[in-house]
Amino acid sequence: MSSFSEDDAFEAAAPPANRPSLSQMAMGARPTPYLEGLNPAQREAVEAMDGPVLMLAGAGTGKTKALTCRIAHLLNTGRARPNEILAVTFTNKAAREMKDRVGAHMGQSVDGVRWLGTFHAICVKQLRRHAELVGLKSNFTILDTDDQIRLLKQLIRAAGMDDKRWPARQLAGLIDGWKNKALTPAKLGAADEAAFDDRGKALYAQYQHRLKELNACDFGDLLLHMVTIFQNHPDLLEQYQRWYKYILVDEYQDTNVAQYMWLRLLAQGHRNICCVGDDDQSIYGWRGAEVGNILRFEKDFPGATVVRLEQNYRSTPHILAAASSVIAANSGRLGKDLWTAEQDGEKVRLIGHWDGEEEARWVGEEIEAMHSGTRARLRKFSLDDQAILVRASHQMRAFEDRFLTIGLPYRVIGGPRFYERLEIRDAMAYFRVVISPEDDLAFERIINVPKRGVGDKAMTDIQVTARTNGVSLKEGARIAAQDGLLKGKAKSGVAQLIAQLDLWRYLYSNRGNEDVISDYDAEISELASKLGVVEAELALMTSKGMNVKEDCAELLLLAEQLKSQIKVLQSYVEYLRSDNDVVLAEIILDESGYTTMWQNDKNPDSPGRLENLKELVKALDAFDNLGGFLEHVALIMDNSNEEHGEKVTIMTLHGAKGLEFPVVFLPGWEEGLFPSQRSMDESGQQGLEEERRLAYVGITRAEEVCTISFAGNRRVYGQWQSQLPSRFIDELPQDHVDILTPPGLYGGGYGAAQSGGFSSEASGAGMSAAFETRVEKADVYNSPGWKRLQQRSQRSGAATNVRSGKGGHMTIDAKAALVFTVGDRVFHQKFGYGQVLEIEGDKLAIDFDHSGEKKLVASFVTPAEKAGDVPF
DNA sequence: AACTTCTTACTTTTT
DNA sequence: GTAAGAAGTT
């Protein structure tokens with residue numbers, strides 16, 4: 001792939017000739033205006049240039065500023081030339097921002113800092129230069145998760161395993177985890193070998209082998225391969241150690257073992273490594289990040305300068321206090337005390353709702369109120385200033401639904417990524433086969449899309465043919481079609497596809513080739529003259545008074561065919577004369593019938609898919625060729641389609657790291673959802689602490705107003721479930737929290753106001769009787785917070801609700817649940833009256849008088865005698 | 001081979 | 001409640 005040559009030569013990294021270079025500037029002592037705006041801690045972090053530096057930067061303490069100033073300072077003082085700095089980030093966005101800001105400090109753009117990027121992007125660059133050392137060619141392809149899983153599925157089936165019992169996804173997860181730990185199959189421990197029905201190791205090895213055959217690697221390999229290379233080739237490593245004079249790492253708390261090893265190898269020599277991170281914001285443990293990396297930095301690099309950035313420039317004191325109070329419950333922290341010079345500000349606001357829908361409704365209204373500036377004490381906020389940060393993406397739906405109905409503009413960030421969409425992946429698979437015909441995974445994906453009559457049988461035949469002949473799938477298909485192994489539709493369909501692929505490839509490799517162009521031109525003029533003859537004939541017929549439409553149908557048809565042939569050839573010429581691959585992409589999508597397939601599809605989302613395809617082609621315009629584009633897409637999976645217009649942002653907490661908003665809503669603070677049950681099940685205490693850090697990240701995103709909410713009932717998997725408020729709510733400091741009262745029919749609900757906390761007022765309101773009844777009936781026995789609640793109930797008697805607890809923390813108590821007994825008469829708002837047949841967990845089997853037998857969650861029915869209280 | 005209906009597992013989080 | 005996959009039908 002040609003995309004790699006441009007940055008090949010380290011040694012020859014001459015400064016750009018057309019403007020004064022940074023390194024030239026760096027030679028002389030330059031003014032350092034960027035140092036002026038730094039506080040003492042930041043300044044220390046910038047000026048401690050040599051040796052290991054650990055910058056512990058709490059949320060909102062100007063970490064990026066310090067980091068970018070440091071780069072600028074290194075350049076400005078002549079310590080390093082732009083290409084001698086290795087600066088690693090986790091996201092493309094962070095890399096972009098860093099580049100921009102360094103440029104701003106320096107007063108010019110810094111193209112020379114070519115080793116500034118994500119771990120993955122930098123490793124690709126390195127690996128392309130040394131691919132042969134791990135048995136790859138430098139034009140290897142990078143598989144995405146989808147390809148990875150299909151490949152693993154094949155291997156699992158080939159091993160004679162049931163791919164239902166042993167899902168490829170799970171194996172992919174295991175392999176990913178191993179790669180994150182820099183474990184090659186040979187290095188797997190005994191426990192890991194036994195994984196996946198004792199075949200984990202074997203399958204992993206087979207997978208790696210297959211990747212090499214395909215000249216491909218997955219995401220994890222990018223780092224793993226580089227670590228392997230550096231470990232096995234000390235000379236090469238030394239070279240890189242000399243090249244990278246200064247290393248900077250952003251979000252160090254998120255590094256996994258492989259990344260850590262890679263960094264350590266590179267930093268070993270001069271130890272000029274500066275790691276920036278915040279152990280309290282480590283939220284990627286699930287994908288292999290090791291908080292331990294940051295915790296033991298001082299051990300790894302003895303004599304390291306440790307700088308703490310603790311002055312927060314983002315949030316009000318109340319918000320900071322809330323965040324600090326929550327995170328304080330974690331153990332094993334490096335410890336930081338955030339403070340701010342600000343004085344005033346709104347307290348963190350807390351509110352409980354009846355269910356998820358009401359929560360969405362309330363948040364919608366609140367956002368509108370903020371927007372129009374009608375909230376007491378609060379200023380007016382643009383919609384762009386407001387964000388809803390959820391724990392899991394499925395929470396977004398309730399908000400989207402609500403905002404659609406009230407017409408509140410919103411933008412969802414981090415939804416299904418553009419390049420992960422079906423139609424985009426299909427189109428890309430076509431491109432991939434054209435560029436590299438041996439890309440079996442891509443060929444397999446498109447061989448029957450659109451339908452070409454290739455089913456299971458034909459596919460197996462093709463695979464067997466390919467294997468016995470030792471050729472790629474595409475060639476296997478060619479042979480199978482020629483030898484008559486394929487029949488009927490499959491045969492013609494495959495033959496046509498192969499011919500088209502060959503043609504597209506021919507075009508692709510001959511763009512700008514004048515000979516080919518003149519060949520096509522000649523063909524066009526030949527066809528044109530034929531068309532001329534036919535048209536003359538038709539004209540003659542017409543002049544003779546014949547009914548052309550009826551009598552000369554054949555001639556007319558011929559004319560039409562000629563015209564379309566000419567059009568096709570003209571498009572080829574247009575492509576061959578152009579300077580990128582946009583037209584080719586159009587030709588491929590058009591001739592393959594892929595576009596037509598969606599045009600004929602009557603699904604309501606097909607127009608959207610066609611739109612996406614158009615955008616894909618448009619995006620190609622910015623690239624020299626398809627190859628470069630595919631490389632870009634493999635690494636840049638973010639969808640930063642900047643929509644314009646004022647909109648509320650909806651995103652996950654993970655997605656929000658590094659961002660800030662004046663107004664933040666944090667909904668769904670309920671046990672099981674946040675902290676996520678899965679997190680706790682899989683990682684126990686550690687999982688819980690990571691969830692807590694997520695809570696900390698969430699709160700610290702807020703500049704002025706932070707609103708936390710929870711719902712008593714929520715639909716999970718389409719089933720209603722009663723929810724308990726999150727334990728994190730208990731950890732909020734009461735003095736810094738305002739409890740708001742939910743509006744609507746149910747009166748106080750969880751949230752009766754002010755000093756009394758939730759209790760008396762709400763219960764006394766009468767309106768909330770039904771609400772309470774429902775909440776009480778929730779099956780708390782099975783819920784994670786039950787034990788906790790039970791202890792509290794014993795302590796505090798039978799009073800329900802939230803009230804101020806000792807030690808200044810919020811406490812939420814619940815009365816022991818009213819339990820139904822078999823035989824109870826009950827009432828349900830939709831099904832009417834019935835009788836309890838069976839009790840199972842939180843579900844009741846009920847025989848309804850008019851609707852028959854149903855199974856429902858207990859919180860949905862009330863004892864029959866109380867039914868009159870239900871305000872529906 | 002393609003289309004239909006039915007079952008099932010699924011909800012974290014992403015380079 | 002959905003989306004993907006299996007099983008069953010044309």
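Per chain, numbering begins at 1; letters A, B, ... match sequence-line order.
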I want to check one thing: is the phosphate of dT11(B), taken as OP1 and OP2, less than 4.0 Å away from some side-chain N or O of T652(A)?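 Checking T652(A) against dT11(B): no side-chain N or O falls below 4.0 Å of OP1 or OP2.
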Counting only side-chain N and O atoms of N256(A), is one of them less than 4.0 Å from OP1 or OP2 of dT15(B)?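 Result: no.
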Any base atoms under 4.0 Å from [X], or only sugar-phosphate, or nothing? Heavy atoms, all strands.
X	result
Y717(A)	base
S679(A)	base
A458(A)	sugar-phosphate
G455(A)	sugar-phosphate
K489(A)	nothing
F119(A)	nothing

Would R693(A) count as a cation-pi partner of Y696(A), with NZ or CZ less than 6.0 Å from the six-membered ring centre and within 45° of the ring normal?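 Cation-pi check for R693(A) and Y696(A): fails.
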R692(A) NZ/CZ over F728(A) ring centroid, <6.0 Å and within 45° of normal: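 Negative - R692(A) is either too far from the ring of F728(A) or too far off its axis.
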Sequence neighbours excluded, every pair satisfying ring pair (Phe, Tyr, Trp, His ring centres under 6.0 Å) that has a member inside residues 150-178 of chain A: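 Counting only pairs at least two positions apart or across chains, the ring pair (Phe, Tyr, Trp, His ring centres under 6.0 Å) contacts touching residues 150-178 of chain A are W166(A)-F196(A), W178(A)-Y204(A).
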Nearest-nucleotide 5' precedence on DNA chain B, V716(A) against T145(A):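 Result: V716(A).
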Compare the minimum distances between each of dT11(B), dT15(B), dA2(B) and the side chain of R678(A), then state the nucleotide with the smallest one.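 So the nucleotide nearest the side chain must be dT11(B).
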Among dA2(B), dT13(B), dT14(B), which is the nearest nucleotide to the side chain of A392(A)?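 Within the option list, the nearest is dT13(B).
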Going by the angle between their ring planes, with limits at 30° and 60°, are F219(A) and H120(A) parallel, tilted or perpendicular?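 Rings of F219(A) and H120(A): perpendicular, as their planes differ by over 60°.
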Parallel under 30°, tilted from 30 to 60°, perpendicular over 60°: which one fits the rings of H632(A) and F629(A)?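 The arrangement is parallel - the two ring planes meet at less than 30°.
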Taking the six-membered ring for Trp, are F674(A) and W669(A) ring centroids under 6.0 Å apart?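 Here the rings of W669(A) and F674(A) have centres that are less than 6.0 Å from each other.
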How about W286(A) and Y284(A): are their ring centroids closer than 6.0 Å?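 They qualify: ring centres under 6.0 Å apart.
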Determine the Euclidean distance between corresponding P atoms of dT13(B) and dA4(C); express it in Å to zero decimal places.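 Looking at atom P only, dA4(C) and dT13(B) are 15 Å apart.
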By a strict heavy-atom criterion of less than 4.0 Å, which residues belonging to residues 393-400 of chain A are in contact with DNA chain B?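 Those residues whose heavy atoms fall under 4.0 Å from DNA chain B, taken from residues 393-400 of chain A in numerical order, are S393(A), H394(A).
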Quick one: stems involving DNA chain B, counted as three or more successive Watson-Crick or G-U pairs, both distances short of 3.5 Å.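 If one scans DNA chain B for consecutive Watson-Crick or G-U pairs, the stems found are B:1-10 with C:1-10.
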Short N-O contact, D601(A) and R609(A), less than 4.0 angstrom: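 No, this pair does not count.
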Under-4.0 Å salt bridge between D426(A) and R421(A):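 Between R421(A) and D426(A) there is no salt bridge, as every charged N stays at least 4.0 Å from the carboxylate O atoms.
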What do you reckon, do F219(A) and the base of dT15(B) stack, with centroid distance below 5.5 Å and planes below 30°?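 Yes; by the centre-distance and plane-angle rule, F219(A) counts as stacking on dT15(B).
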